[in-house]
Amino acid sequence: MVPFPFHFCALSLPHTHIHYNLVGVDTIIPMASFTLFHLFIAIILHVFLAATPIFSVSEQLSSSTIPTRFLDFAKKPETFDWMVNIRRKIHEYPELLYEEFKTSELIRIELDKLGISYKHPVAGTGVIGYIGTRKPPFVALRADMDALPMQEMVEWEHKSKVPGKMHACGHDAHTAMLLGAAKILKQHEKEIQGTVVLVFQPAEEGGAGAKRIIEAGALENVSAIFGLHVMPNYRVGEVASRSGAIMAASGRFQATISGKGGHAAIPQHSIDPILAAANVIVSLQHLVSRESDPLDSQVVTVAKFQGGDAFNVIPDSVTIGGTFRTFSKESFKQLKQRIEQVIVGQAAVQRCNATVDFFQEKKPFYPAVINDGGLHKHFQNVAGSLLGTNKVMEMPPVMAAEDFAFYQEVIPGYFFFLGMQDDSSERLPLIHSPYFRVNEDALPYGASLHASLAATYLLKHHHDVTIVEGKNHDEL
């Protein structure tokens, strides 16, 4: 029903004045001047206004039309070419964790051109931008900026110009798409019912940059955050995610197993750390196969083994290292404890000593990525409107890790995957491959999804904000 826009109210002097409210404007007419003509006009206005709904600008916007409008904007040649150019510049000069100085500078230059305010530095090289009213509600969009320490093997015009460094995980595309979303949102800033916080984050690849962003206070008052990752397994125009746990908690370990070196021909005079390390590796596999619940997914992988450099010499020590993954905090804690017990215990069986380092201070453990159920419904609605419901896939959990999980430990968050595979028969290489490639046709979809998720979230939640007069501490 339409709210009653016109009513008479009794005053303290009921027979001297008439007081009415017309569309939120209080009017007082002296009784002496009030005639039947005034009454007739008032009745006509009431009937007209009651039949004509009064909407604010935000109520005229439709959450179902925003995605298609934003996608059309992102697909414009000038917008698409702009994003591609940014992505290629970043790709040519990859920078490792907490060294993203040129990338950060490029981002700030583009934000300046767009007229978007920002804070820098945050968490070292991070940039935090703001679009909208600078008042509640606040919703955040995140992109990671760092590259990997590997040599690019793809021969193309914009190949990495930095030896031994490559954007092999798509973070160059993530940054370009968030800038694309910023361009879209800035173009429609007057329609934004709150504030979009743009998080350009350093050091996702093992450096827990998200944790430092939080510690810097960059997400205070933010009520939700969205992030994405390119994925070669899905086609361009498709997305995939799920509610609940989607990516695993991750930790790493390294152990030094010490014995007594000697000549390989007389092993009885040595204490062989290689044999001890071999037994340790086999025993570690029993933690998953014989100690964990088969329905509780866990992984222990030893991927590093270093010991000795001669064919006929038993070394004094061996170093092994690896990773362990779970979805629950309880399982993670138990697995960490048992890894150390097995390494130390099995080394002792072979008369060796062992020390174990989990690198918690240098490289914090990553929690599991657990998507908020309410944001999952929001994502399905927005992505369905933009792409079609048949293009929104339910994704099984994977044992890979993402520091986006740190955000989800303090505020509701949602992480999804963006398809890149084209219609050709050639399959794109997976992430962290020296042959990894980005299909740039995916950029408009990522940018418009980012912008649509934020704009529609604010449109949905701005009525929930209670503004107390004189209280401005929630403003940025």
Show me the donor-acceptor pairs within less than 3.5 Å that the side chains of residues 81-91 make with the rest of the protein, sequence neighbours left out.
from : atom 1 : to   : atom 2 : distance (Å)
W82  : NE1    : E110 : OE1    : 3.1
R87  : NE     : D172 : OD2    : 3.0
R87  : NH1    : E440 : OE2    : 3.0
R87  : NH2    : H91  : ND1    : 3.3
R87  : NH2    : D172 : OD2    : 3.2
R88  : NE     : E440 : OE1    : 3.4
R88  : NE     : E440 : OE2    : 3.0
R88  : NH2    : E440 : OE1    : 2.8
H91  : ND1    : D172 : OD2    : 2.8
H91  : NE2    : E152 : OE1    : 3.1
H91  : NE2    : E152 : OE2    : 3.2

Tabulate below the donor-acceptor pairs under 3.5 Å that side-chain atoms of residues 70-78 make, not counting sequence neighbours, or state none.
from : atom 1 : to   : atom 2 : distance (Å)
K75  : NZ     : Y445 : OH     : 3.1

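Between the side chains of S223 and H461, no donor-acceptor pair is found at a separation under 3.5 Å. In this model, no donor atom of one side chain and acceptor atom of the other lie less than 3.5 Å apart for H376 and S241. Y98 and D146 share no donor-acceptor pair across their side chains, judged by distance under 3.5 Å alone.
Below 30°, between 30° and 60°, or above 60°: for F332 and F365 the angle between ring planes is above 60°, a perpendicular geometry.
A donor-acceptor pair under 3.5 Å links the side-chain atoms of S160 to the main chain of K165, judged by distance alone. Checked by atom type and distance alone, the side chain of T301 never pairs as donor or acceptor with a backbone atom of A303 at under 3.5 Å. For Q380 (side chain) and V392 (main-chain N/O), no donor-acceptor pair under 3.5 Å exists by modelled atom type. A donor-acceptor pair is defined here as one N or O able to donate and one able to accept, closer than 3.5 Å; such a pair exists between the side chain of T175 and the backbone of D144. No donor-acceptor distance shorter than 3.5 angstrom exists from the side chain of Q298 to the backbone of S331, with no hydrogens or angles considered. With hydrogens and angles ignored, the 3.5 Å screen pairs a side-chain donor or acceptor of D403 with a backbone N or O of A210.
Applying the side-chain contact (heavy atoms from CB on, under 4.5 Å) criterion to R242, with sequence neighbours excluded, gives I246, E394, P397. Here E340 pairs with nothing under the salt bridge (Lys or Arg N to Asp or Glu O under 4.0 Å) rule; sequence neighbours left out. Partners of S117 according to the side chain to side chain donor-acceptor pair (under 3.5 Å) rule, which considers only residues two or more places apart in sequence or in another chain, are R134.
In this structure, the side chains of L449 and L228 stay at 4.5 Å or more apart for every pair of heavy atoms.
Pairs passing the salt bridge (charged side-chain N to carboxylate O under 4.0 Å, His left out) check and including a residue from residues 198-219, sequence neighbours excluded, read K211-E215.
For the atom pair OG of S250 and CE of M399, the computed distance is 9.0 Å after rounding to the nearest 0.5 Å. Interatomic distance, CG of L428 versus CD of Q421, reported as 4.5 Å (0.5 Å rounding).
Of the residues listed (D441, D422, D423), the one engaging R235 in a salt bridge (charged side-chain N to carboxylate O under 4.0 Å, His left out) is D423, and it is the only one. Just one residue in the list N371, I225, V369, I370 forms a side chain to side chain contact (heavy atoms under 4.5 Å, CB included) with Y414, and that residue is N371.
Around the CZ atom of R252, the shell of radius 6.0 Å holds no more than 12 heavy atoms that belong to other residues, nucleotides or ligands. Annotation: Y435, atom OH; neighbour count of heavy atoms from other residues, nucleotides and ligands within 6.0 Å does not exceed 12. Residue-environment remark: NZ (K363) exceeds the threshold of 12 foreign heavy atoms within 6.0 Å.
Checked against the 6.0 Å centroid criterion, the rings of Y234 and F417 do not qualify as a close aromatic pair.
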